[in-house]
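For reference, the structure is listed below as structure tokens.
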There are 2 protein chains.
Amino acid sequence: MATGRTHRPATRSRGIPEATVARLPLYLRALTALSERSVPTVSSEELAAAAGVNSAKLRKDFSYLGSYGTRGVGYDVEYLVYQISRELGLTQDWPVVIVGIGNLGAALANYGGFASRGFRVAALIDADPAMAGKPVAGIPVQHTDELEKIIQDNGVSIGVIATPAGAAQQVCDRLVAAGVTSILNFAPTVLSVPDGVDVRKVDLSIELQILAFHEQRKAGEEAGAGTAQQAAAARSDAADQGPDGDVPAVMPA
Amino acid sequence: MATGRTHRPATRSRGIPEATVARLPLYLRALTALSERSVPTVSSEELAAAAGVNSAKLRKDFSYLGSYGTRGVGYDVEYLVYQISRELGLTQDWPVVIVGIGNLGAALANYGGFASRGFRVAALIDADPAMAGKPVAGIPVQHTDELEKIIQDNGVSIGVIATPAGAAQQVCDRLVAAGVTSILNFAPTVLSVPDGVDVRKVDLSIELQILAFHEQRKAGEEAGAGTAQQAAAARSDAADQGPDGDVPAVMPA
DNA sequence: ATGTGTGAAGTACTTCACAGCC
DNA sequence: GGCTGTGAAGTACTTCACACAT
């Protein structure tokens with residue numbers, strides 16, 4: 001059990017690479033925008049630009065899902081939206097609980113991108129008795145004591161932890177014991193979970209530290225001998241959004 | 001300019017792999033905890049467990065920084081804290097501005113992990129005139145009109161965007177024009193930036209969608225022929241925290 | 001003509017396994 | 001004897017480049 005190592009020898013759920021899965025939501029967002037503008041078809045080049053990746057990667061990604069495009073033409077927007085949604089499991093309804101209703105928890109509760117994507121905030125839970133009953137984003141906050149009952153009554157399998165770091169592991173254990181098998185963790189802690197439970201982590205301070213690292217490099221290169229050549233080769237990261245295609249996004253209030 | 005593609009031929013800033021950089025903050029956090037408990041040394045095995053990675057990876061990561069361990073003994077906690085902090089550029093002070101002071105922006109402003117890690121919230125900026133002057137986390141909110149002046153007066157190079165999606169690109173453009181070269185984007189949009197500017201993205205809805213994908217697989221495998229073998233091999237992701245070591249974390253209020 | 005789908009080549013990251021130092 | 005540091009092997013992901021369908 002401990003920190004729950006796991007070697008994941010070839011986890012590839014059914015042949016779709018994890019890196020591809022992480023990009024599908026990006027494509028879906030771009031496609032949804034096109035759909036709203038009633039654009040009927042897109043080329044891999046256009047869609048890739050909108051999603052911030054390169055077109056070869058996008059075509060390869062789609063090839064794992066099937067052959068949904070038409071050579072010489074492109075992809076049918078509506079059809080692709082459906083296929084990706086289905087692949088991601090967004091055609092079904094996912095009740096979600098948010099535990100820890102501070103500023104962050106409230107921000108998450110208010111996040112509009114939820115309902116639109118198959119997610120439904122089933123309940124807000126907080127340890128502070130003073131919060132109980134107070135509505136946040138139109139949903140009354142419930143006390144932690146009710147956690148197990150809420151999970152079971154609503155058939156919740158996805159939990160969001162937005163508590164302080166000190167409470168996170170305990171909340172996590174209770175969520176898992178009650179039947180939650182996927183956790184999105186905003187607390188700056190490494191959570192231990194049994195096999196079969198997925199944890200994803202979102203950590204502001206880590207992101208900032210990564211930015212600081214690159215920022216420092218930029219400053220150094222500027223100062224250090226400007227070998228022109230070196231300066232040119234310097235840092236051209238920029239786009240492709242975040243040093244590695246991965247990573248996710250919250251939503252402002 | 002467009003979506004600002006970039007092939008980043010061998011960006012590796014100075015030989016440290018991006019994947020390693022992304023883990024340094026994790027190690028740093030674990031080490032800081034050990035330091036607070038006055039633990040003098042750690043083995044790669046122990047530290048790896050605390051950080052949620054495996055020990056071979058950790059040793060390899062550290063080998064990119066130098067030979068800071070002692071064979072047969074382990075790593076000196078204080079010394080490593082210093083070396084990693086320096087490598088990440090945390091020994092200097094990074095003034096940061098947060099734009100968009102809704103629930104999320106407020107949550108970020110209140111995040112304690114800031115000051116402790118070399119980051120300082122230099123200013124909070126919001127487009128709503130009604131917010132101007134109101135203190136959030138003890139810092140008075142300033143109006144967007146002041147953005148350029150704030151950036152320049154404080155020498156800010158890192159900006160956090162927590163505005164609604166619609167405002168993000170415009171805010172981003174202004175930040176970049178004013179001199180910001182690293183952006184942490186919480187708005188669910190792909191930002192276009194010129195070369196030399198780093199963008200990292202944090203997106204709640206993408207994380208949830210990735211969880212939903214795996215959640216769906218779990219359900220499917222349960223139902224589908226339980227080839228015992230298949231069920232056993234099933235999904236053993238779990239720990240290693242989030243399908244790929246990467247990703248970051250916000251902090252609750 | 002145009003743009004998809006994909007083997008093949010290239011690159012990045014991880015894990016193994018063990019020599020070498022304490 | 002214990003634990004680091006690292007070449008070498010293995011795996012995962014990306015990019016190229018072009019055959020092939022429309």
Side-chain angles (χ1 to χ4, degrees), chain A residues 5-13 15-24 26-27 40-49 51-77 79-80 83 237 239-241 243-247, chain B residues 5-13 15-24 26-27 40-49 51-77 79-80 83 237 239-241 243-247:
Chain A
R5 230 135 312 132
T6 293
H7 309 296
R8 185 165 34 121
T11 292
R12 177 135 333 157
S13 296
I16 301 181
E18 192 56 38
T20 295
V21 172
R23 279 187 297 267
L24 291 180
L26 233 54
Y27 302 143
T41 59
V42 250
S43 67
S44 61
E45 200 67 57
E46 296 164 328
L47 184 53
V53 302
N54 79 41
S55 63
K57 200 186 279 184
L58 178 144
R59 287 200 302 279
K60 188 62 126 182
D61 284 343
F62 286 179
S63 79
Y64 293 115
L65 310 183
S67 289
Y68 297 146
T70 309
R71 292 172 196 232
V73 179
Y75 301 91
D76 181 276
V77 173
Y79 187 60
L80 248 195
Q83 291 299 342
D237 240 278
D240 222 334
Q241 231 65 188
D244 31 292
D246 193 329
V247 202
Chain B
R5 229 135 316 133
T6 292
H7 308 295
R8 185 165 33 120
T11 292
R12 175 129 342 149
S13 296
I16 301 183
E18 193 56 38
T20 295
V21 172
R23 279 187 298 267
L24 292 181
L26 234 53
Y27 301 144
T41 59
V42 250
S43 67
S44 61
E45 200 67 56
E46 295 165 328
L47 184 53
V53 304
N54 78 42
S55 63
K57 200 187 280 184
L58 176 144
R59 287 200 302 279
K60 187 63 126 185
D61 284 343
F62 285 179
S63 79
Y64 293 116
L65 310 183
S67 289
Y68 297 147
T70 308
R71 289 168 197 236
V73 179
Y75 301 92
D76 181 276
V77 173
Y79 187 59
L80 248 193
Q83 290 299 342
D237 238 276
D240 222 336
Q241 230 66 187
D244 30 289
D246 195 332
V247 204

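Side chains are part of it too, since the values below use all heavy atoms of this structure and drop only hydrogens, waters and symmetry mates.
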- May I ask you to evaluate whether A:S43 reaches the phosphate of C:dG3, defined as a side-chain N or O under 4.0 Å from OP1 or OP2? no

- Message: I want to verify a distance call: between C:dG20, D:dT14, C:dG5, whose nearest atom is closest to the B:R71 side chain?
- Response: C:dG20

- Query: Taking CZ from A:R59 and C1' from C:dG5, how many angstroms apart are they, rounded to a whole number?
  - Reply: 8 Å

- Closest non-hydrogen atom pair between B:S44 and B:L58, with its separation: CB-CD2, 3.6 Å

- Task: For B:D61 and C:dT15, give me the distance from atom CG to atom C1', rounded to whole Å.
- Result: 12 Å

- Query: To the nearest Å, how far apart are B:L47 CG and D:dC3 P?
  - Reply: 14 Å

- Item | Heavy-atom check, side chain of A:V53 versus side chain of A:D61, under 4.5 Å | no

- Should B:T70 be listed as having a side-chain N or O under 4.0 Å from OP1 or OP2 of C:dC22? no

- Closest contact, heavy atoms only, A:G15 versus A:Y64: O-CD2, 3.8 Å

- Note on the structure: Result for side-chain contact (heavy atoms from CB on, under 4.5 Å) between A:Y75 and one of A:L80, A:T41, A:T70 points to A:L80

- Given D:dT6, C:dG7, C:dT4, which nucleotide is nearest the side-chain atoms of A:Y75? C:dT4

- B:N54 side-chain N/O to C:dT14 phosphate OP1/OP2 under 4.0 Å: no

- Task: Could you work out which one of D:dG7, D:dC13, C:dT4 sits closest to the side chain of A:P17?
- Result: D:dC13

- Query: Starting at OH of A:Y68 and ending at C1' of C:dG3, how long is that distance when rounded to a whole Å?
  - Reply: 19 Å

- Message: Expressed as a whole number of angstroms, how long is the span from A:F62:CZ to D:dT15:P?
- Response: 16 Å

- Calculate the interatomic distance between A:K57 atom NZ and D:dA12 atom C1'; express it in whole Å. 13 Å

- Task: Identify, between A:A56 and A:G72, the residue whose nearest nucleotide on DNA chain C lies closer to the 5' end.
- Result: A:G72

- Is the distance between the ring centroids of B:Y68 and B:F62 under 6.0 Å? no

- Looking only at C:dC13, C:dG5, D:dT6, the nucleotide nearest the B:S67 side chain is D:dT6

- Choosing from C:dC13, C:dT4, D:dT6, which nucleotide comes nearest the side chain of B:K60? D:dT6

- Measure the distance from OH on A:Y64 to P on C:dG5 and round it to the nearest whole Å. 14 Å

- Query: Rounding to a whole Å, what distance do you find between A:R23:CZ and D:dA12:C1'?
  - Reply: 11 Å

